[in-house]
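In what follows, chains carry the letters A, B, and so on, assigned in the order in which the sequence lines appear, proteins first and then strands, with residues in each chain numbered from 1. Note that these values count all heavy atoms, side chains included, but never hydrogens, waters or copies made by symmetry.
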Number of protein chains: 2
Amino acid sequence: MLNNKNLKVLIVDDDDEFLQDLRHHLQKEKYQVYTAASGKEALVTARKENPQLIILDINMPEMDGVEVCRHIRENPELSNTIVCFFTNCNENYTQIAAFEAGGDDYITKPLKPEVHLSRLRAILKRIDPDSHVPITIIGDITIDREKFLIIIKDEKIELPRKEFELLELLCSKPGRVFSRDEILNSIWNKDFTVIHRTIDVHISKLREKIGEKYIKTVKGIGYKFEG
Amino acid sequence: MLNNKNLKVLIVDDDDEFLQDLRHHLQKEKYQVYTAASGKEALVTARKENPQLIILDINMPEMDGVEVCRHIRENPELSNTIVCFFTNCNENYTQIAAFEAGGDDYITKPLKPEVHLSRLRAILKRIDPDSHVPITIIGDITIDREKFLIIIKDEKIELPRKEFELLELLCSKPGRVFSRDEILNSIWNKDFTVIHRTIDVHISKLREKIGEKYIKTVKGIGYKFEG
DNA sequence: TTACCTGTTAACAATTGTTTAATCATACAC
DNA sequence: GTGTATGATTAAACAATTGTTAACAGGTAA
């Protein structure tokens with residue numbers, strides 16, 4: 001059903017485990033995935049394959065991600081390639097450097113890439129609106145990322161982006177408790193200017209729309225989805 | 001099932017027995033464990049392996065834990081490493097020095113490391129929310145740390161944080177008697193403003209929820225769990 | 001422009017958890 | 001038995017956390 005063969009993604013990271021893990025997830029959704037373990041290799045592959053999206057680790061030996069990005073931006077043939085940085089580093093100057101070098105997006109690198117899969121899907125969707133994203137069914141809830149709506153017992157419900165993302169996150173691991181920090185990290189992406197209580201409001205609105213029974217509060221810890 | 005290979009933990013302690021004991025417990029949960037017997041060795045290993053968590057004994061000859069921590073904090077590559085101190089010492093000035101040196105957590109060193117396993121798990125969970133924590137099954141009680149609930153004979157019971165922690169502690173060694181001091185130390189972390197009676201109240205509420213038969217009182221000593 | 005929708009925040013209400021203190025029960029020594 | 005020490009139980013005070021509402025800013029479309 002999924003067919004995203006026309007979308008080429010290049011992942012660049014010197015951490016092989018992370019690389020293979022992310023490759024696996026994206027290949028499952030039929031994207032055409034290329035990998036590179038160093039900045040040099042990345043530039044060679046980028047020139048050869050002309051991918052629509054490059055996911056770049058910032059901290060690499062020899063040539064770091066920011067440097068790679070600069071080279072890409074100098075190459076007119078790669079002018080409309082989207083560059084998305086991944087980094088372990090919290091320091092802001094890195095983030096600024098990343099944008100100055102022409103990066104398009106910046107994601108704090110999670111230990112497990114699947115945490116940000118939905119974020120990457122959104123980027124890929126922006127590049128190619130026709131790309132196919134999977135539909136998830138948990139119990140009597142269906143999440144349709146294509147149409148950006150959820151279906152509960154044949155009833156279609158449209159959700160605003162944040163509420164949708166919130167539900168999607170909780171549903172990514174039913175039963176598992178997500179802390180407020182995790183939620184902020186994943187959906188608001190380290191934007192610590194946003195206050196914690198914002199989450200509560202969105203949870204409240206979500207419950208109002210989809211019913212009380214799905215999202216449970218675990219006091220002092222966070223929220224979880226129960227299917 | 002457990003796979004926490006992506007999480008590197010460095011334990012630093014000159015007491016070899018404690019070191020090996022804690023190493024064993026963490027390795028059982030598949031964390032990637034490194035050890036060091038001195039401050040110098042710790043810094044070398046830390047630079048080489050870049051662990052996400054360093055567990056540091058404060059009282060060591062030559063270079064003490066606080067000193068090691070200072071060096072770690074000066075190294076930008078180790079900037080987002082979590083440092084957790086372990087110490088025999090009750091004296092407050094040490095604790096203050098530890099935080100001033102950039103420590104993230106401070107645990108009074110127990111005689112057996114397993115007493116603080118759950119605390120360490122919580123820290124590791126904070127670092128990597130997707131890290132797997134074990135599900136414990138003792139007799140007809142199942143403790144699911146992932147979903148934050150316990151199951152007794154197919155019945156799910158949600159417990160408030162302190163009650164959950166209390167049960168978890170007692171269950172960590174069924175049959176073993178935990179003194180009030182140990183319990184306070186582990187769950188309330190040396191917060192001596194809390195009165196001993198508090199434990200009784202929580203025990204009482206726990207028994208009310210999970211039934212009488214599991215938690216036994218050992219007069220004059222403390223409490224134990226019987227499976 | 002106006003109207004509408006989303007996301008955010010602040011304020012207040014409601015709920016739940018924790019601790020204290022007072023009272024009750026029991027075991028054991030004398 | 002009586003008294004003392006210890007633990008159990010309960011209620012109430014207190015603290016922390018979460019839920020809800022309303023107000024507002026910013027964006028977007030008619």
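Counting to the nearest Å, the C1' atom of C:dG7 and the CG atom of A:Leu184 are 14 Å from each other. At whole-Å resolution of the value, CD1 in B:Ile221 and C1' in D:dT6 are 12 Å apart. One interatomic measurement links the two molecules: CZ of B:Arg161 to P of D:dA15, which rounds to 18 Å at whole-angstrom precision. Here D:dT18 presents its P atom at 14 Å from CD1 of A:Ile215, a figure rounded to the nearest Å. Spacing between atom CD of B:Glu165 and atom P of C:dG17 amounts to 13 Å, rounded to whole angstrom units. To the nearest angstrom, C1' of C:dG7 lies 9 Å from CH2 of A:Trp188. One interatomic measurement links the two molecules: NZ of B:Lys162 to P of D:dA16, which rounds to 11 Å at whole-angstrom precision. Between A:Asp181 atom CG and D:dT17 atom C1' there is a gap of 15 Å when expressed in whole angstrom units.
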CA sep, side-chain torsions, deciding dist, call: B:Glu168, B:Arg119, salt bridge (Lys or Arg N to Asp or Glu O under 4.0 Å) | CA-CA 11 Å; B:Glu168 201 188 353; B:Arg119 186 88 176 273; over 6 Å; no
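The residue B:Phe164 sits apart from the nucleic acid: no heavy atom pair falls under 4.0 Å.
For B:Thr198, the listed nucleotide lying nearest its side chain is C:dT19; candidates were C:dG7, D:dG19, C:dT19.
Between A:His202 and the options A:Phe164, A:Trp188, A:Tyr223, a ring-ring contact (aromatic ring centres under 6.0 Å, His included) holds for only A:Trp188. Of the candidates A:Ile54, A:Leu22, A:Leu56, A:Ile11 forms a side chain to side chain contact (heavy atoms under 4.5 Å, CB included) with just one, namely A:Leu22. Checking A:Leu206, A:Ile143, A:Thr142, A:Asp144 one by one against A:Ile150, the side chain to side chain contact (heavy atoms under 4.5 Å, CB included) holds for a single residue, A:Ile143.
Donor-acceptor pairing under 3.5 Å is lacking for the side chains of A:Tyr214 and A:Arg207. With 3.5 Å as the limit, one finds no donor-acceptor pair spanning the side chains of B:Ser131 and B:Arg121.
The residues B:Lys205 and B:Glu163 are annotated as not salt-bridged, no charged nitrogen and carboxylate oxygen being separated by less than 4.0 angstrom.
A donor-acceptor contact shorter than 3.5 Å links the side chain of B:Arg161 to the backbone of A:Gly220.
Between D:dT17 and A:Tyr223, no contact under 4.0 Å exists linking OP1 or OP2 to a side-chain N or O.
With a 6.0 Å radius and a threshold of 12 heavy atoms from other residues, nucleotides or ligands, A:Lys156 has its NZ atom at or below the threshold.
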Once each nucleotide of nucleotides 22-30 of chain C is scored for protein heavy atoms under 4.0 Å, what B/S/- sequence comes out, 5' to 3'?
-> -----S---
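Of the residues in residues 200-214 of chain A, those with a non-hydrogen atom less than 4.0 angstrom from any atom of DNA chain C are A:Val201, A:His202, A:Lys205.
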